[in-house]
Amino acid sequence: MVLTDKTTLHDVGQPQCHVRPVVLFSIIDHYSRREDGQDRVIGTLLGTEADGVVQVCSCFPVPHTEMDDQVAVSTDFHATMLQLHQRVHPKHKVVGWYSTGEEVNGSSMLFHEFYGQDVERPVHLLLDLGLGERRMSCKAYTSVGLELGHTLLGTVFEEIKLTVVNGEADQLGLDTLLKASADAGSTPSSVNALNDVDTMEVTIKKLLRTLEGVMEHVEKVTQGKAEADPKVVRLLQDLVASAPRLPAAAFDKMFNAQVQDILAVVYLANLTRTQLALAEKLQAVALSGAL
């Protein structure tokens, strides 16, 4: 499925919504873990707001129930998760809420009013997962008053501009996922090659085997055990001429710097994996406490 950004342009005074890809993945993960018989899931959007632009940086699920015209939200779970999240990201605040589905319905306004208690003008992020033959889409809404003269008749949802923004870390993650998806039919060894350290190890081993073969051939030629092939000689000359003439100390410094960069990336990836596991544990503890 392909994510499409279906938005409508409004006046300059209208708010805009910028969403990180990790938020969309979190919503999809929440939907995949929903309870049996649950049509949609909802959750809280966290981020910042400045100059009319809402930055949605993260989110967390909120248990809820829907029966006919009645809805219920676990307010204790919402408050606990918000408190835990703000310990890690104190600058993040509630900017709105999300739900899955094809369109907003009658109960959506009730959820919107609940989140209106935390923020003056909450943003509603609607993610259509495109189940079936439809394509996945994402839209953002905000509430506006429907007035007739000076009389307020009600409140309606109005679509606002939505942009999925990619940071450097987000882009690296997306590229890795796309590459892994493209290699889904390959062998496990090729999938594991996505790890930079493993890739460097395999490349160095292959280079060493090649150099050993070349050295063995050169020794046989110099000892008269094999005839010199002019094509091989020209290739070796071109190889030697193309190699940069660097002092040994400079080469070691450059190589060690590259290795340190790769190790730093691996460390950050493991740190991110640990943080996600810790967040999942905290969420499970908060959910068990709310129940």
Side-chain angles (χ1 to χ4, degrees), residues 3-30 41-62 64 73-75 77-101 103-104 107-128 137-147 152 154-171 173-174 275 279 282-283 286:
L3 178 64
T4 58
D5 182 13
K6 298 181 180 179
T7 61
T8 56
L9 299 178
H10 295 275
D11 297 335
V12 178
Q14 289 292 336
Q16 300 181 22
C17 183
H18 292 177
V19 181
R20 292 293 182 89
V22 66
V23 176
L24 302 180
F25 285 120
S26 298
I27 298 174
I28 295 173
D29 180 70
H30 182 198
V41 296
I42 70 168
T44 303
L45 299 177
L46 300 168
T48 59
E49 182 179 2
D51 300 329
V53 178
V54 177
Q55 299 279 353
V56 182
C57 303
S58 62
C59 65
F60 60 83
V62 176
H64 81 288
V73 179
S74 179
T75 56
F77 180 85
H78 168 76
T80 302
M81 288 298 299
L82 179 60
Q83 183 181 7
L84 292 174
H85 185 89
Q86 289 182 336
R87 289 182 182 178
V88 183
H89 302 283
K91 294 183 179 180
H92 287 182
K93 63 179 183 179
V94 178
V95 294
W97 65 289
Y98 71 80
S99 69
T100 57
E103 58 185 8
V104 294
S107 59
S108 297
M109 186 56 67
L110 299 177
F111 293 121
H112 202 73
E113 292 176 355
F114 167 74
Y115 283 94
Q117 301 173 4
D118 296 325
V119 58
E120 181 180 357
R121 198 174 184 184
V123 171
H124 173 37
L125 185 66
L126 179 64
L127 182 61
D128 183 2
S137 65
C138 186
K139 297 181 180 180
Y141 299 89
T142 188
S143 59
V144 294
L146 184 61
E147 299 180 352
L152 180 62
T155 306
V156 296
F157 283 109
E158 182 180 17
E159 187 176 351
I160 62 175
K161 183 179 180 180
L162 172 66
T163 306
V164 179
V165 294
N166 296 335
E168 183 178 356
D170 298 323
Q171 191 60 46
L174 290 174
Q275 184 179 5
L282 292 175
Q283 179 179 333

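Numbers for residues simply follow the sequence, beginning at 1. Only this structure's heavy atoms are used, side chains among them; waters, hydrogens and symmetry mates stay out.
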Within the structure provided, determine whether [X] and [Y] are in side-chain contact (heavy-atom separation under 4.5 Å).
X      : Y      : value
Leu125 : Cys138 : yes
Leu46  : Lys93  : no
Val19  : Leu162 : yes
Tyr98  : Pro61  : yes
Val94  : Leu82  : yes
Thr100 : Asp128 : no
Arg20  : Val56  : no

**Item:** Ile27 to Leu127 - nearest heavy-atom pair and separation
**Value:**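 Scanning both residues completely, I find the closest heavy atoms to be CG2-CD2, 3.6 Å.
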
Considering all heavy atoms, the nearest Ile160-Cys17 contact =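 Minimum heavy-atom contact is CD1-CB, 4.1 Å.
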
Would Phe25 and His30 satisfy ring pair (Phe, Tyr, Trp, His ring centres under 6.0 Å), going step by step from the backbone distance to the final call?
CA-CA 9 Å; Phe25 285 120; His30 182 198; over 10 Å; no

The single option from Val123, Val95, Val62 that satisfies side-chain contact (heavy atoms from CB on, under 4.5 Å) with Tyr115 is Val62

Inset, instruction - State whether the number of non-hydrogen atoms from other residues, nucleotides or ligands found under 6.0 Å of Gln275 atom CD is greater than 12. - result: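 Open.
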
The residue among His112, Glu113, Glu158, Arg121 that forms side chain to side chain donor-acceptor pair (under 3.5 Å) with Ser143 is His112

For residues Phe60 and His85, establish whether the separation of their ring centroids is below 6.0 Å.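 When the ring centroids of Phe60 and His85 are compared, they turn out to be at least 6.0 Å apart.
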
- Would Thr48 and His92 count as a side chain to side chain donor-acceptor pair (under 3.5 Å) if you check the C-alpha gap in whole Å, the side-chain angles of each, and the deciding distance to 0.1 Å? CA-CA 6 Å; Thr48 59; His92 287 182; over 6 Å; no

With sequence neighbours left out, what residues match Asp118 under salt bridge (charged side-chain N to carboxylate O under 4.0 Å, His left out)?
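Salt bridge (charged side-chain N to carboxylate O under 4.0 Å, His left out) list for Asp118, sorted by chain: empty.
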
* Dump the intermediate steps for ring pair (Phe, Tyr, Trp, His ring centres under 6.0 Å) on His64 and Phe111, then the final yes or no. => CA-CA 10 Å; His64 81 288; Phe111 293 121; 5.4 Å; yes

